[in-house]
Amino acid sequence: AQSVTQPDIHITVSEGASLELRCNYSYGATPYLFWYVQSPGQGLQLLLKYFSGDTLVQGIKGFEAEFKRSQSSFNLRKPSVHWSDAAEYFCAVAPFSGGYNKLIFGAGTRLAVHP
Amino acid sequence: NAGVTQTPKFRVLKTGQSMTLLCAQDMNHEYMYWYRQDPGMGLRLIHYSVGEGTTAKGEVPDGYNVSRLKKQNFLLGLESAAPSQTSVYFCASSIDRRIWEQFFGPGTRLTVL
């Protein structure tokens, strides 16, 4: 079955430190891959997406993610975290089934940022 | 341009009561979705619509009904609420089948006692 695993439920980093959030997926082929951010009390916002090609993709707010086929991973990174990055982050995959496109979400990683 | 709005923002129900959640979008999007978000489980799709007058089941449709009588509105109904339906409900819309480009509403927090 298709699934998305985010191993870290909660991460705390200091402002200015680097960040890496992990995401692993289980799927027979390479799906489309996404990262979303959810600020407190808000809906989800798309950070970045990977379809094919260059395995390092850039997104909004200074985030990037790297697709590694051999590890079935799509980890999210940011070189220097800002206090406003405190939020919950969701990895998602879109395995196509021929009908509507569906998204399978991971359980999320909640990021706290210390000043 | 309000984007996606949801009414109400909060609601408390007793077991067995019914209610309707309203989602409205002003972006002329064809596709609309209802999700529920539970701790440690990410978002799960309840129902979706690919256009006015259409609805389809998602991943967790049991206990919910939907209607899309107007293109801009997507209603989610709970006929007989159960404590298991305590959750945060999100509506979203997308211009076409590219579900990843969807815009989300702010959510409705529902508690069923």
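All chains are named by letter (A, B, ...) in the order of the sequence lines, taking the proteins before the strands, and each is independently numbered beginning at 1. Treat the numbers as computed from the prediction; the structure is a model and nothing was measured.
Contact annotation for B:Phe103: neither backbone nor side-chain heavy atoms come within less than 4.5 Å of a heavy atom of chain A. With a 4.5 angstrom heavy-atom cutoff, B:Gln37 touches chain A only via side-chain atoms. If you measure heavy-atom distances from A:Gln6 to chain B, you find no contacts under 4.5 Å at all. For A:Leu44, the parts lying under 4.5 angstrom from a heavy atom of chain B are both the backbone and the side chain.
Summarising the local packing, CD1 of B:Ile95 is surrounded by 12 or fewer heavy atoms from other residues, nucleotides or ligands at distances under 6.0 Å. In B:Arg109, the CZ atom is not crowded: 12 or fewer heavy atoms of neighbouring residues, nucleotides or ligands sit closer than 6.0 Å. Within a 6.0 Å sphere centred on CD of B:Glu79, other residues, nucleotides and ligands contribute 12 heavy atoms or fewer. Within 6.0 Å of atom NE2 in A:His82, more than 12 heavy atoms from other residues, nucleotides or ligands are found, so the atom counts as buried in its surroundings.
To the nearest 0.5 Å, the span separating CD on A:Gln42 from CZ on B:Phe104 amounts to 12.5 Å. The structure places CD of B:Gln102 at 5.5 Å from CG of A:Leu103, a figure rounded to the nearest 0.5 Å. Annotation: the span from A:Tyr32 atom OH to B:Ile99 atom CD1 amounts to 14.0 Å, rounded to 0.5 Å.
Contact count against chain B (heavy-atom pairs under 4.5 Å) is highest for A:Gly43 among A:Gly43, A:Gly41, A:Ala92, A:Cys91.
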request  = Apply ring pair (Phe, Tyr, Trp, His ring centres under 6.0 Å) to the pair B:Trp100 and A:Phe51, showing each step before the final yes or no.
outcome  = CA-CA 11 Å; B:Trp100 50 85; A:Phe51 295 144; 5.3 Å; yes
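Under the 4.5 Å side-chain heavy-atom criterion for ILVMFWY residues, no single connected hydrophobic cluster contains both B:Val66 and B:Phe90. Residues B:Ile46 and B:Leu75 do not share a hydrophobic cluster, clusters being chains of Ile/Leu/Val/Met/Phe/Trp/Tyr side chains in contact below 4.5 Å. Residues B:Tyr35 and B:Leu76 do not share a hydrophobic cluster, clusters being chains of Ile/Leu/Val/Met/Phe/Trp/Tyr side chains in contact below 4.5 Å.
Salt-bridge formation is detected for the pair B:Glu101/A:Lys49: a Lys NZ or Arg NE/NH1/NH2 atom is positioned less than 4.0 Å from an Asp or Glu carboxylate oxygen.
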Donor-acceptor pairs under 3.5 angstrom involving side-chain atoms of residues 56-64 of chain A: please list them, not counting sequence neighbours.
unit_1	atom_1	unit_2	atom_2	d
A:Gln58	NE2	A:Glu64	OE1	3.2
A:Lys61	NZ	A:Gln45	OE1	3.3
A:Glu64	OE2	A:Arg77	NE	3.4
A:Glu64	OE2	A:Arg77	NH2	3.3

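Closest non-hydrogen pair, B:Gly40 versus A:Ala107, comes out as O-CB, 3.2 Å.
Looking at A:Lys102 and B:Tyr33, their side chains never come closer than 4.5 Å, going by heavy atoms from C-beta outward.
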